[in-house]
Amino acid sequence: MRFDFDDEQREIKDTARQFLATRFKPEKVRELAEAGTYDDSLWSEISELGWAGIAIDEEHGGQGLGMVELMILCEELGHACAPLPFLSNACAGLVVETAGSEEQKGRWLPGIASGEGRGAFGDPEVLIDGEGAACAVVYGSDDEVRVVDLDGVSLEPLDLIDATRRYSAPLGDGAGETVPGAFAPATDRILIAVAADLVGIAQRAMEMAVEYAKDRKQFDRPIGAYQAVSHQCAEMLYDVEEARSLTYFAAWAADAEPDSLPMAAAMAKARASEAAWSVCKSSIQVHGGIGFTWEHDLHFLLKRARAGARLFGTASQHRERVAALAGLG
Amino acid sequence: MRFDFDDEQREIKDTARQFLATRFKPEKVRELAEAGTYDDSLWSEISELGWAGIAIDEEHGGQGLGMVELMILCEELGHACAPLPFLSNACAGLVVETAGSEEQKGRWLPGIASGEGRGAFGDPEVLIDGEGAACAVVYGSDDEVRVVDLDGVSLEPLDLIDATRRYSAPLGDGAGETVPGAFAPATDRILIAVAADLVGIAQRAMEMAVEYAKDRKQFDRPIGAYQAVSHQCAEMLYDVEEARSLTYFAAWAADAEPDSLPMAAAMAKARASEAAWSVCKSSIQVHGGIGFTWEHDLHFLLKRARAGARLFGTASQHRERVAALAGLG
Amino acid sequence: MDLTLNDSEAAFRDEVRTWLEANHPGEEPAGDIEAFKFRRAWQKQMHEAGWAGISWPKEFGGRGATLIEQAIFAGEMARADAPSPANILGLVMGGPVIMAHGTDEQKERWLEPILSGEEIWCQGFSEPESGSDLASLKTKAVKENGGWRATGQKVWTTFAHESKWCMLVARTDQEAPKHKGLTYFICDMEQEGVEIRPLVQITGEAEFNEVFFEGAYIPDENVVGGEGNGWMVAITTLMNERAGLGGGAAVAISRDLGRLVELIKEHDLQDDPVVRQKVADLSIRAEALRLGGMRALTAQMKTGIPGPEGSIGKWEWAKLNQDLAELACDVLGVEGLEKGGPWTYKMLRSRANSIEGGTTEVMKNIIAERVLGLPRLR
Amino acid sequence: MDLTLNDSEAAFRDEVRTWLEANHPGEEPAGDIEAFKFRRAWQKQMHEAGWAGISWPKEFGGRGATLIEQAIFAGEMARADAPSPANILGLVMGGPVIMAHGTDEQKERWLEPILSGEEIWCQGFSEPESGSDLASLKTKAVKENGGWRATGQKVWTTFAHESKWCMLVARTDQEAPKHKGLTYFICDMEQEGVEIRPLVQITGEAEFNEVFFEGAYIPDENVVGGEGNGWMVAITTLMNERAGLGGGAAVAISRDLGRLVELIKEHDLQDDPVVRQKVADLSIRAEALRLGGMRALTAQMKTGIPGPEGSIGKWEWAKLNQDLAELACDVLGVEGLEKGGPWTYKMLRSRANSIEGGTTEVMKNIIAERVLGLPRLR
């Protein structure tokens with residue numbers, strides 16, 4: 001029993017943290033978010049590191065690692081608030097790999113794994129990162145999941161508050177080809193990926209609040225010496241750590257204990273959705289006026305947290321699933 | 001426009017506060033609660049002051065005052081945590097007066113008003129203060145309200161945590177005589193009476209916490225100088241004042257603006273139920289270990305708050321009513 | 001207790017309502033400059049009808065309305081969704097502070113143009129390093145023949161670029177203890193030593209500004225309340241602000257709540273028990289806010305000054321506004337994430353409600369210390 | 001990450017489980033004295049099978065189990081709903097403190113009777129005037145030939161009337177600063193100078209006692225860790241307490257959660273969406289508590305000592321236990337108000353969870369200061 005990363009996983013995490021800290025400095029995130037674009041060369045660089053295909057099997061050009069490794073990257077990308085089409089591509093990969101036909105796998109996975117033919121991801125409400133993607137994996141309103149060739153498809157951009165990702169209007173149920181396999185396991189894994197992004201966001205927003213509370217003085221002492229502030233920070237840690245425990249466990253369960261996956265994934269998404277939104281709000285409160293300005297970086301986190309909490313099912317919806325799985329039928 | 005008591009109401013409140021402070025000192029409340037009895041002479045004394053019939057019309061031996069005056073007494077009785085069959089008797093009076101037949105009024109109101117032939121009060125779950133009462137007003141599980149002559153009826157005591165009132169098992173739907181009138185207005189008034197009791201309890205529990213926070217020293221200063229404590233106290237005031245505003249308004253509406261009564265009463269009961277329970281819990285927390293001992297008086301308040309919050313409909317149930325009245329149908 | 005309006009109050013309400021129905025200027029135009037022009041015209045119109053200085057004494061050109069009439073007026077303005085007059089800070093802070101602490105010359109010079117909206121006022125209190133701890137402000141003013149030179153930075157200054165005058169608190173004595181040594185100035189914004197930069201918020205709008213004073217000149221006659229009395233004068237101003245801006249809050253929330261109920265029905269969620277519990281909770285808190293306002297007003301009528309209990313209302317209002325907008329966005333789904341959507345805007349904008357005008361933490365301190373009598377922090 | 005048990009751990013778990021199934025002593029009898037006798041016999045039985053001192057090194061008669069084995073054991077105990085051994089404070093606090101700070105003679109004298117349950121231990125730290133601020137304690141001990149005379153009052157002492165020994169912290173130097181000048185004694189409870197009064201709680205039960213020391217005699221050889229080192233020794237004890245008592249908490253909560261789900265079905269509320277949201281919320285928090293415990297254990301295996309993160313678990317557990325019991329009582333309706341009902345008892349009893357063993361406010365301080373590195377309060 002060991003609830004901690006092994007050396008290889010630790011290495012992935014540390015490398016990702018360092019790499020992202022140099023590539024996605026706050027001013028870079030701001031530049032991309034304000035322009036509403038991605039930096040293709042950064043995507044290439046990340047793909048060359050093998051991140052895009054981290055959880056895709058080697059046969060299709062991936063690294064063949066597991067959900068834990070994918071989750072580690074997602075958390076770090078959330079922590080960096082990185083504008084990248086990573087999450088959508090990973091989600092597309094999870095579905096095609098788990099539920100796609102052999103033909104679909106052969107056709108789409110190599111591009112997803114190499115990052116050169118990205119997958120977009122959508123549900124009946126929104127499509128994420130469709131622009132520039134080769135294909136889109138789309139959850140339909142008819143409970144079918146389809147792979148859509150995006151070649152020649154025109155997209156209608158949606159201008160959402162989260163400027164670190166690209167959104168467009170949903171594709172509808174007409175296009176594409178149904179995936180033949182059971183997609184529930186992929187869906188659960190997708191929840192974990194988003195939850196990890198949210199954990200990273202929450203962690204970052206908390207770090208910023210703690211940092212500020214140590215520096216900022218009011219009434220002749222650091223505001224972090226007042227319980228009104230320090231206890232808010234303690235509550236942030238409470239939220240972050242609960243969300244993190246549940247998310248890490250869910251990722252491990254995806255790899256090692258599939259029976260526990262559905263409950264664990266629903267719990268992780270529910271808790272991480274609430275934690276990220278709540279921590280970002282508290283962090284603004286701790287920052288006071290400055291945290292409410294555009295020039296401060298907090299709002300990029302706040303908005304990404306809000307979007308992530310909403311997408312792929314809200315906390316309420318996942319609690320409803322938890323209730324059913326917890327024995328209330 | 002004046003959201004405050006007039007001189008006469010202020011006088012009633014001050015007199016009640018003073019009277020109850022001398023008659024229901026904490027040691028007296030404890031003595032009665034631990035013995036599980038009422039003090040009949042105190043009931044007689046209170047009845048002689050005209051309290052039992054305060055809102056009953058003069059024709060039937062009451063004082064003919066309104067819901068505001070009754071509410072004032074209820075709040076003060078809650079504040080004193082007084083073990084008395086006042087609330088049940090007042091509830092019985094409200095129903096018979098508002099919805100009873102002339103014959104029922106003539107038969108029961110004079111005793112209720114004088115306190116010499118008390119009314120008990122019950123719902124499908126519990127009967128309050130049946131022992132020693134002349135009659136009981138009972139809400140049946142069949143949506144009928146009945147007056148039951150308690151002469152010769154044997155009661156099965158229920159041992160609830162609230163030791164400041166006497167409870168017994170419900171009478172069932174068989175006995176008694178249906179009240180012919182519309183009882184909804186009486187029901188709303190009953191909610192206000194209970195809400196006022198809860199406001200009084202909350203006020204008292206808050207006063208005790210504030211007092212303690214001023215006196216008790218830890219780490220060389222009064223604990224009330226720490227925001228962890230002082231902000232909890234501020235939150236108590238927030239709860240108490242919201243519950244109070246809503247309860248006072250509902251009482252005024254009962255007397256002066258009947259159209260607003262149903263919504264106002266539901267709001268008051270919902271908010272006061274949560275406020276009293278929450279303030280009592282916080283007060284224990286502020287007191288620390290000592291507040292958890294039997295020898296401290298807080299638990300009598302806590303338990304009365306819990307019972308009051310449950311009886312006559314929970315906060316959830318009344319919020320459901322509010323939602324309907326607020327336009328959600 | 002009497003929560004109805006008496007005949008004269010009811011007549012007043014009808015008068016306001018009728019006037020607003022007949023004179024409502026319609027929706028604000030888009031664009032900051034256009035919107036401000038619109039509100040300036042609206043204030044002129046209000047002033048001509050005698051509504052601009054509703055709380056001001058008649059001797060200073062106001063209507064001398066009672067507190068209740070003021071509350072009725074604020075409620076009717078909110079009910080009609082009428083825009084604020086352009087010179088709101090002049091009306092609720094600048095004017096009252098001049099009337100209370102100004103010289104006759106100052107009253108003569110400044111009051112009328114405030115009322116008419118001819119001269120807009122802004123407030124220069126907050127600084128980057130002094131938010132809740134106002135007395136720690138660093139902007140300083142140094143004596144220079146017949147006047148002062150002010151240097152420093154202010155933030156959260158509304159409509160600075162439209163303003164003629166700034167209520168500026170600056171340190172004039174470096175040696176004196178923190179709360180002493182401050183002086184309250186009225187500084188001319190139309191001069192070289194004043195630079196204004198818009199401060200964009202997380203909503204993407206620039207409702208506020210940063211103002212840089214770099215040797216801005218202020219003549220002696222623009223000192224209010226005497227040298228070194230700035231703290232005391234500023235406190236009066238802030239009390240006026242909190243009382244003056246809070247008036248229509250409950251009405252505005254109740255209007256938003258009505259919109260939320262409609263939204264829920266449009267999304268066919270009216271039968272969802274969880275949504276119903278939340279709406280009921282918001283309704284109850286909104287009603288408590290409204291009633292608490294009436295109680296505070298009654299108390300103020302007795303004592304003459306707004307009591308510290310008002311801090312509960314500020315706190316309540318902030319939380320309520322935030323929770324309401326959040327629920328609306330939840331109901332809207334992805335639409336509630338759309339940039340520029342009215343509820344999305346409100347959800348983001350409301351995050352500042354628990355910071356601006358005194359943080360919720362400061363409100364709790366005030367309640368603990370001044371209402372409950374708990375020992376002062378530290 | 002590997003959250004499964006390895007073969008040897010799984011074998012250990014099976015061993016514990018099998019033994020508990022075969023040896024579970026059944027339900028505790030009613031009545032405090034009977035119940036204690038029962039638990040004493042149970043401890044004897046555990047000791048004979050080698051389970052009593054599970055965490056103790058083998059050289060002192062324990063099993064020398066790894067941290068994981070200890071956690072497994074606590075989990076299995078909770079799972080089987082097995083009673084605690086009678087001498088729980090001796091096992092998790094008294095023994096470890098003697099092993100860490102005691103002399104060879106002390107180890108020889110005290111350890112074996114702790115394990116066997118022959119001599120029960122209690123804890124004399126808290127006083128009426130010193131709760132969270134332990135160092136402010138007032139009980140004093142004065143030197144007297146070959147020993148000390150202790151005078152003062154302790155509270156929250158569990159099983160004082162059954163105890164042979166009390167871990168007593170008393171002030172031995174009035175002049176020294178607060179945290180110095182304390183000494184850690186092992187005081188014989190069976191003497192005239194010790195008076196015990198039951199302390200009835202809001203539940204109506206007397207789980208704790210007040211203990212009055214009136215010149216109680218303690219020989220020099222009963223000082224642990226040396227005169228004046230009481231604070232340091234006490235802190236070790238408390239750390240052991242928090243780690244030792246927390247083990248089965250998550251399992252116990254998960255068992256209660258299962259009961260709650262059954263209760264909800266019995267009351268036909270399983271389709272109520274509001275109830276479902278609440279149950280899910282509790283389930284999620286219970287799972288987070290369980291997983292957080294595993295993370296803390298992993299960290300402790302690396303560093304050797306329980307980290308300050310454990311404070312999150314204490315806080316989580318308290319709140320969760322309270323909310324769970326409250327929901328159960330809500331579901332029960334009037335039955336949830338009945339004195340003596342198991343859920344009613346739990347609802348009342350759980351109010352102390354956020355106070356005992358360190359208040360939630362103190363937990364937040366610890367997290368803020370020791371985990372997040374925020375400046376110390378004051």
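Letters A, B, ... mirror the listed sequences (proteins, then strands); counts begin at 1.
- Heavy atoms of C:Ile264 lying under 4.5 Å from chain B belong exclusively to its side chain.
- Heavy-atom pairs under 4.5 Å with chain B peak, among C:Ser283, C:Pro273, C:Pro375, C:Ala368, at C:Pro375.
- The candidate from B:Val68, B:Val322, B:Val229 with the greatest count of non-hydrogen atom pairs under 4.5 Å with chain C is B:Val322.
- Residue contact with chain B, scored on non-hydrogen atoms closer than 4.5 Å, involves the side chain of C:Leu297 exclusively.
- Residue B:Ala326 touches chain C through both its backbone and its side chain, counting heavy-atom pairs closer than 4.5 Å.
- Annotation for B:Lys214: atom NZ counts as buried by contact number, over 12 foreign heavy atoms lying within 6.0 Å.
- Donor-acceptor pairing under 3.5 Å is recorded for the side chains of C:Thr4 and C:Asp2.
- Counting heavy-atom pairs closer than 4.5 Å to chain B, the top residue among C:Ile284, C:Ile367, C:Leu289 is C:Ile284.
- For C:Leu372, the parts sitting under 4.5 Å from any heavy atom of chain B are the backbone and the side chain alike.
- A donor and an acceptor atom, one from each side chain of B:His231 and C:Asn365, are located under 3.5 Å apart.
- A salt bridge is defined here as a Lys NZ or Arg NE, NH1 or NH2 lying under 4.0 Å from an Asp or Glu carboxylate O, and C:Lys319 with C:Asp323 meets this definition.
- No side-chain donor-acceptor contact under 3.5 Å links B:Tyr226 and B:Gln218.
- Side-chain atoms of C:Lys302 and C:Thr298 form no donor-acceptor pair, as typed in the model, at a separation below 3.5 Å.
- Both the backbone and the side chain of B:Ala324 come within contact range of chain C, each with at least one heavy atom under 4.5 Å from a heavy atom of that chain.
- Both the sub-6.0 Å distance and the 45° axial angle are not jointly satisfied by C:Arg63 relative to the ring of C:Trp56.
- Taking a 6.0 Å sphere around CZ of C:Arg370, one finds it holds 12 or fewer heavy atoms contributed by other residues, nucleotides or ligands.
- Between C:Glu76 and C:Arg79, at least one side-chain N (NZ, or NE/NH1/NH2) sits under 4.0 Å from a carboxylate O, which counts as a salt bridge.
- Only the side chain of C:Val279 comes within contact range of chain B, with heavy atoms under 4.5 Å apart.
- Under the side chain to side chain contact (heavy atoms under 4.5 Å, CB included) criterion, B:Ala323 pairs with B:Leu328, C:Arg276, C:Ala280, not counting sequence neighbours.
- Between C:Arg13 and C:Glu69 no salt bridge is recorded (no basic side-chain N to carboxylate O distance below 4.0 Å).
- Within the 4.5 angstrom heavy-atom criterion, atoms from both the backbone and the side chain of C:Glu316 approach chain B.
- The candidate with the highest count of non-hydrogen atom pairs below 4.5 Å against chain B, out of C:Ala299, C:Gly373, C:Ala296, C:Gly258, is C:Gly373.
- Ionic pairing of C:Asp281 and B:Arg319 is not present here: no N-O contact between side-chain nitrogen and carboxylate oxygen is shorter than 4.0 angstrom.
- Looking at C:Gln277, both its backbone and its side chain come within 4.5 Å of chain B, counting heavy atoms on both sides.
- Interface remark: of the candidates B:Gly329, B:Gly327, B:Ser316, B:Ser316 forms the most heavy-atom pairs closer than 4.5 Å to chain C.
- Of all residues spanning residues 237-245 of chain B, those with a heavy atom less than 4.5 Å away from chain C's heavy atoms are B:Leu237, B:Tyr238, B:Glu241, B:Glu242, B:Arg244, B:Ser245, arranged by number.
- Listed options B:Arg321, B:Glu257, B:Glu235, B:Gln9 were ranked by heavy-atom pairs under 4.5 angstrom with chain C; first place goes to B:Glu235.
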